[in-house]
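Each remark here refers to the structure printed beneath this line.
So that the names make sense, note that chain A is the first sequence line, chain B the second, and so on, each numbered from 1.
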Amino acid sequence: MLGVGKSFYGVPVLSDVDIDVHPGEVHAVVGENGAGKSTLMKIASGVHQPDTGTLTIAGRPATLPDPRAAQAAGVGIIHQEFNLLPERTVAENVFLGREPTRRGLVDRRAMRARTAELLAAVGAEVVRPHDRVRDLGIAQQQVVEIVKALSLDARILIMDEPTAALADHEVELLYALVRRLQARGIGILYVSHRLAEVFDLSDRITVLKDGRRVTTVDTADATPEGLVRHMVGRELATYYPPKAAGAGPTVVSVAGGGNARLKPLDLELRAGEVLGVGGLQGSGRSALARALFGVEGFTTGRMTLDGKAVRPRSPRQAVRAGIAYVTEDRKGEGLTLSQSVLDNALLASRAATPRWFPDKARTTTVRELLAAVEVHAAGADQEVRYLSGGNQQKVVLARWLAMGPRVLLFDEPTRGIDVGAKAAIHELIRDLAEKGAAILMISSELPELLGMSDRIVVMRDGALAGELPGDASEEAVLSLATGTPHEVSA
Amino acid sequence: MTRTDAPTGPATLGQSRRGRWGAGSIWPVVAILLVLLVAVGIRQPDFYDPPALLAFLKRAAPLIVLAAGQYFVIVAGDFDLSVGSLVTAEVVIAARLIDGDPAATWPVIAVVLAFGLLVGLVNGLVTTLLLVPSFITTLGMYLILVGAVYTWTGGSPRGALSEEFRMFGRRGIEGVPWLGEIPYAVLILLVLGTLAILAMRADFGKVLLAVGDNPRAARLAGGRVAGVRTIAFVISGGCAAVAAILLGGFGGVSFQVGVGLEFTAITAVVLGGVVLGGGRGSVVGAMLGALTLQTLLTLLNLLGVAGALASAVQGLIILAAVAIGGLRART
């Protein structure tokens with residue numbers, strides 16, 4: 001692609017970007033949210049048409065009026081959100097809409113055989129053609145998406161944040177798969193926020209910033225610090241704010257708290273402290289946060305908040321008791337996407353403590369909070385759906401700050417958020433702790449967990465597997481999370 | 001760790017120019033309404049005399065009230081299909097209970113309002129507590145009301161409404177200079193319309209929009225999702241009761257009073273830019289949608305288009321409005 005440019009409603013989001021992918025190459029595209037990565041991907045996959053510039057595929061100029069034309073031209077795309085039918089089998093999904101037929105009927109046998117071949121080709125025999133997609137894990141569903149693209153003879157594969165939804169041990173499987181695709185001569189355009197995996201996988205890296213290409217470098221010649229500098233235009237001196245000097249009094253204490261998803265556990269959250277919660281996906285981390293927040297509350301044990309017995313049975317009770325919950329599924333259950341930035345930031349105040357007449361003072365406070373957390377939007381009345389992930393998360397934060405909570409539960413607070421906004425959110429979390437809030441933070445990203453937490457608990461199979469100090473090693477967390485013994489090295 | 005760039009104060013987020021013509025906006029219906037009003041005026045120049053306009057508003061009042069009620073339900077993501085048969089039931093019940101006795105008027109009005117609210121409450125509780133989709137709940141309620149009223153009256157309406165009952169739909173404050181008569185229906189409409197706008201500006205309205213947009217998010221923010229949705233049904237039931245009182249004044253007592261009104265109301269709401277499925281659109285838009293629909297029916301009548309065709313036009317409107325909304329959302 002040469003000199004590609006694109007404007008929406010007169011706002012240029014991409015200007016004069018050049019990028020190329022060779023067969024068998026992994027070309028990573030990095031940049032903050034809003035840098036133009038998604039637009040570039042959408043142009044390459046035929047969703048959007050470029051206003052300027054040209055596309056060339058295998059030496060020939062190509063126009064891709066729609067995604068189908070892109071498929072025909074050999075461009076496949078793996079979105080962050082999968083397009084699979086959960087109730088259908090793997091084979092049915094792979095061949096959806098172009099099932100092999102015999103005498104006018106779907107030839108299931110051929111379909112399965114072909115799917116099995118493709119699965120074997122990428123080394124994912126674990127997934128079987130007749131499995132129902134609903135029964136597969138996220139990583140396996142991703143394999144199905146990739147196989148689907150391969151079945152269309154994709155020569156170029158675009159992967160948009162492929163690890164965003166994966167647990168750490170699944171990432172390794174994806175790496176192996178990507179390397180196999182590479183070996184088959186497929187060119188891969190790899191979009192990611194996670195610099196570590198960009199360095200592990202890519203041959204070249206292109207940095208986008210504000211819709212322009214800043215640089216393209218060979219990965220061998222690049223350093224993480226250099227990339228971050230290109231992405232944000234400044235050096236990030238420290239990734240994480242300094243930790244707490246010491247913890248204050250206990251704010252929340254749980255004794256023997258359990259429910260259908262959680263084995264009875266004891267837990268304490270202290271004022272001024274960030275308690276990190278590690279563990280694999282499905283280990284009960286989110287269930288713990290949701291129990292504390294009353295979504296699926298504890299059915300056993302005792303819970304106290306500031307010494308008083310509370311056991312929230314609904315989010316409403318939890319919010320009114322001074323607990324806030326930042327969900328990991330921002331779009332699915334965090335935001336009301338068609339409402340404005342301001343309405344979203346006011347939602348908790350309005351929902352938990354409704355008033356009959358518009359409360360001007362409250363609105364003013366929330367406007368100030370939105371400014372204080374540095375939400376960037378066209379206006380407070382802009383629909384929140386048009387904001388980047390980082391800005392959306394800041395809107396959610398402002399919503400809870402307006403409630404002045406005693407306890408904040410963060411579930412993957414920086415998932416899908418660019419480096420700059422990530423640092424800002426880490427600072428906000430630490431700032432809240434310093435002001436005396438008790439914080440629980442769930443994270444799948446080990447550097448974040450270790451960088452932010454004053455104390456870490458690790459969960460496994462719905463139970464607390466153990467507790468570690470904030471300066472524990474990644475290995476210590478992983479061994480508790482997976483239940484494998486680990487040599488303690490000083 | 002402190003940030004070097006200090007927060008720039010509340011001025012950071014100003015107002016953006018929001019998509020004025022996008023889904024949920026009232027401007028398209030305002031434009032259509034103006035065009036139709038001009039067309040009616042050309043056809044019938046004395047339409048713009050104040051008394052004639054007020055008489056027109058009086059005729060439109062029941063539909064506008066129904067549309068306002070339906071709006072609350074639709075914006076929360078539900079449907080209320082029971083309002084048409086509720087209107088019929090209310091008129092028939094009122095006629096039988098009053099049976100021509102003026103002294104019974106006020107108690108019966110109380111009964112009519114209470115029954116409307118009760119039907120709404122049942123709709124709401126069945127939908128939110130028993131998790132029956134509102135489409136089915138209110139369809140069931142529609143059939144129950146039709147069947148119950150037929151059974152109760154033995155097949156034909158009995159009794160009669162008192163003149164005092166009918167005055168709300170028929171009469172007004174007379175002898176007002178320039179305006180002539182101000183119909184009670186228009187006054188009731190003004191009061192209810194104002195209340196509806198205030199309710200949507202209050203936290204209740206904002207939470208209702210949030211519930212229609214994303215009920216899970218509304219719940220996790222501490223909202224009473226089931227409660228808010230139930231209240232929307234209660235409002236719709238109450239509005240149907242008011243519409244029944246107004247309609248009882250216009251026409252006679254029959255099983256035909258409310259037939260098809262649920263769809264007319266939904267058409268009006270959709271025409272007003274409210275998105276089916278919830279979360280977008282204003283109550284002002286819904287009420288303007290009802291006014292627009294009434295104007296259209298008036299115009300068709302003036303042009304001599306048969307009543308049967310008016311129904312087809314209504315069908316076209318609902319398809320066109322939803323399709324255009326879908327196209328706008330796509331771009």
Relative to chain B, which of A/Pro358, A/Ala318, A/Gly332 shows the most heavy atom pairs under 4.5 Å? A/Gly332
Check whether A/Arg330 gets within reach of chain B through its side chain, its backbone, both or neither, counting any heavy atom under 4.5 Å. neither
Considering only heavy atoms, give the residues of residues 400-410 of chain A separated from chain B by less than 4.5 Å, sorted numerically, with 'none' for an empty result. A/Trp400
Closest approach of B/Ala210 and A/Leu347, non-hydrogen atoms and distance? CB-CD1, 3.5 Å
CG of A/Leu346 to NZ of B/Lys206, rounded to nearest 0.5 Å, is 9.0 Å
Mind checking ring-ring contact (aromatic ring centres under 6.0 Å, His included) for A/Tyr325 and listing every partner two or more places apart, or none if nothing turns up? A/Phe293
Of all heavy-atom pairs between A/Ser338 and B/Gly279, which one has the smallest distance, and what is that distance? CB-O, 4.4 Å
Identify the two heavy atoms, one from A/Ala351 and one from B/Ala221, that lie closest to each other, and give their separation to 0.1 Å. CB-O, 3.9 Å
Crowding at NZ, A/Lys331 (>12 non-hydrogen neighbours, <6.0 Å): no
Do side-chain atoms of B/Arg216 reach the backbone of A/Glu333 as a donor and acceptor pair under 3.5 angstrom? no
So, taking the atom named CG in B/Leu198 and the one named CH2 in A/Trp356, what distance separates them when rounded to the nearest 0.5 Å? 10.0 Å
Taking side chain to side chain contact (heavy atoms under 4.5 Å, CB included) as the definition, give me every residue that meets it alongside B/Leu129, ordered by chain and number, with sequence neighbours left out. B/Leu125
Spacing of OG1 belonging to A/Thr336 relative to CG belonging to B/Leu209, to within rounding of 0.5 Å: 8.5 Å
Any residues in residues 223-231 of chain B near chain A, with a heavy-atom distance under 4.5 Å, and which are they? B/Gly223, B/Arg224
Relative to chain B, which segment of A/Asp359 carries a heavy atom at a distance below 4.5 Å: side chain, backbone, both, or neither? neither
Drop me the distance from B/Asn214's CG to A/Gln339's CD, to the nearest 0.5 angstrom. 10.0 Å
Would you check if B/Arg219 and A/Val295 make a side-chain contact, meaning some heavy-atom pair closer than 4.5 Å? yes
Other residues, nucleotides, ligands: >12 heavy atoms within 6.0 Å of A/Arg355 CZ: yes
Salt bridge flag under 4.0 Å for residues A/Arg385 and B/Asp213: no
